[in-house]
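Data first, discussion second: the structure below is written as structure tokens.
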Amino acid sequence: QLQLVESGGGLVQPGGSLRLSCTASGFTLDSYAIGWFRQAPGKEREAVSCISSSGRSTNYADSVKGRFTISRDSAKNTVTLQTNSLKPEDTGVYYCVAVQAFTAQDMCAKKVYHYRGQGTQVTVSS
């Protein structure tokens, strides 16, 4: 069974950090572009960040540039989203998504995916 499993979410104060991880089971991520999308209540789904299958190309939403960093580790079959300087507006459910045959830029721009995890809740509040 092909699965993406997210971890690392939680409650954090404004200015804090969280490290979100996405691990695949049942398949390897090497041939997939991977993205982190988030969904907040009453808001449109937002493509936060995407990384190409090679790891050489990344894309970030303007709202998180300079604060979030996406990376991938083929040996661990994992993609990580380091989130720093968190703001209340970063609150939402963060989903790890995977797609083949898309660049990081197109994946984020079109918000496309073939597989999606169950999501991990991130709450930024004092």
Side-chain angles (χ1 to χ4, degrees):
Q1 187 177 1
L2 308 182
Q3 279 189 315
L4 293 171
V5 180
E6 303 95 336
S7 62
L11 173 63
V12 64
Q13 291 187 341
S17 299
L18 287 172
R19 188 174 180 86
L20 308 184
S21 293
C22 172
T23 301
S25 63
F27 68 113
T28 60
L29 296 177
D30 288 355
S31 63
Y32 290 83
I34 305 298
W36 287 93
F37 295 176
R38 69 185 176 193
Q39 184 75 57
K43 293 186 179 180
E44 270 193 33
R45 182 177 62 195
E46 180 180 19
V48 174
S49 182
C50 299
I51 187 168
S52 63
S53 57
S54 68
R56 288 193 289 267
S57 177
T58 58
N59 185 271
Y60 295 94
D62 288 342
S63 59
V64 306
K65 279 180 182 175
R67 301 188 296 121
F68 290 12
T69 303
I70 191 170
S71 60
R72 63 192 302 158
D73 186 331
S74 295
K76 296 181 179 179
N77 208 28
T78 297
V79 173
T80 298
L81 184 70
Q82 178 67 44
T83 68
N84 298 327
S85 302
L86 284 162
K87 304 175 181 180
E89 52 263 43
D90 293 318
T91 294
V93 179
Y94 284 66
Y95 297 95
C96 176
V97 293
V99 70
Q100 288 182 308
F102 275 81
T103 64
Q105 184 175 10
D106 282 349
M107 181 185 189
C108 268
K110 298 176 181 178
K111 303 178 192 175
V112 295
Y113 60 89
H114 292 147
Y115 301 106
R116 194 197 78 175
Q118 292 299 308
T120 186
Q121 176 71 45
V122 171
T123 303
V124 185
S125 175
S126 55

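- Legend: residues meeting side chain to side chain donor-acceptor pair (under 3.5 Å) with S7, ordered by chain and number and at least two apart, are absent.
- A search for side chain to side chain donor-acceptor pair (under 3.5 Å) contacts involving S17 returns N84, not counting sequence neighbours.
- Residues satisfying the side chain to side chain donor-acceptor pair (under 3.5 Å) test with S57, not counting sequence neighbours, are none.
- Residue pairs meeting the salt bridge (Lys or Arg N to Asp or Glu O under 4.0 Å) criterion with at least one member in residues 8-19, sequence neighbours excluded, do not occur.
- Between the CG atom of N77 and the CZ atom of R72 there is a distance of 8.5 Å, given to the nearest 0.5 Å.
- Residues near L11 contribute nothing to a hydrophobic cluster around it, because no ILVMFWY side-chain heavy atom sits closer than 4.5 Å to its side chain.
- To the nearest 0.5 Å, the span separating SG on C50 from CZ on F37 amounts to 4.5 Å.
- Not counting sequence neighbours, the partners of S31 by the side chain to side chain donor-acceptor pair (under 3.5 Å) test are Q100.
- Of the possible polar contacts, one joining the S49 side chain to the N59 backbone as a donor-acceptor pair under 3.5 Å is found.
- Listed by first and then second residue, the salt bridge (Lys or Arg N to Asp or Glu O under 4.0 Å) pairs involving residues 79-96 are R38-D90, R67-D90 (not counting sequence neighbours).
- The side chain to side chain contact (heavy atoms under 4.5 Å, CB included) test applied to S126 returns P14, not counting sequence neighbours.
- Taking each heavy atom of T78 and K76 in turn, the nearest pair found is OG1-O, 2.8 Å.
- Partners of S54 according to the side chain to side chain contact (heavy atoms under 4.5 Å, CB included) rule, which considers only residues two or more places apart in sequence or in another chain, are S52, R56.
- When hydrophobic side chains of Ile, Leu, Val, Met, Phe, Trp and Tyr are connected at separations under 4.5 Å, I51 ends up clustered with L2, L4, V12, L18, L20, F27, L29, Y32, I34, W36, V48, Y60, V64, F68, I70, V79, L81, L86, Y94, Y115, V122, V124.
- In this structure, the side chain to side chain contact (heavy atoms under 4.5 Å, CB included) partners of V93, at least two apart in sequence or on a different chain, are Y95, Q121.
- The list of salt bridge (Lys or Arg N to Asp or Glu O under 4.0 Å) pairs with a residue in residues 100-121, not counting sequence neighbours, reads E44-K111.
- Looking only at distances, a side-chain donor or acceptor of E6 sits under 3.5 Å from a matching main-chain atom of Q118.
- The nearest pair of heavy atoms linking A61 to E46 is CB-OE2, 3.7 Å.
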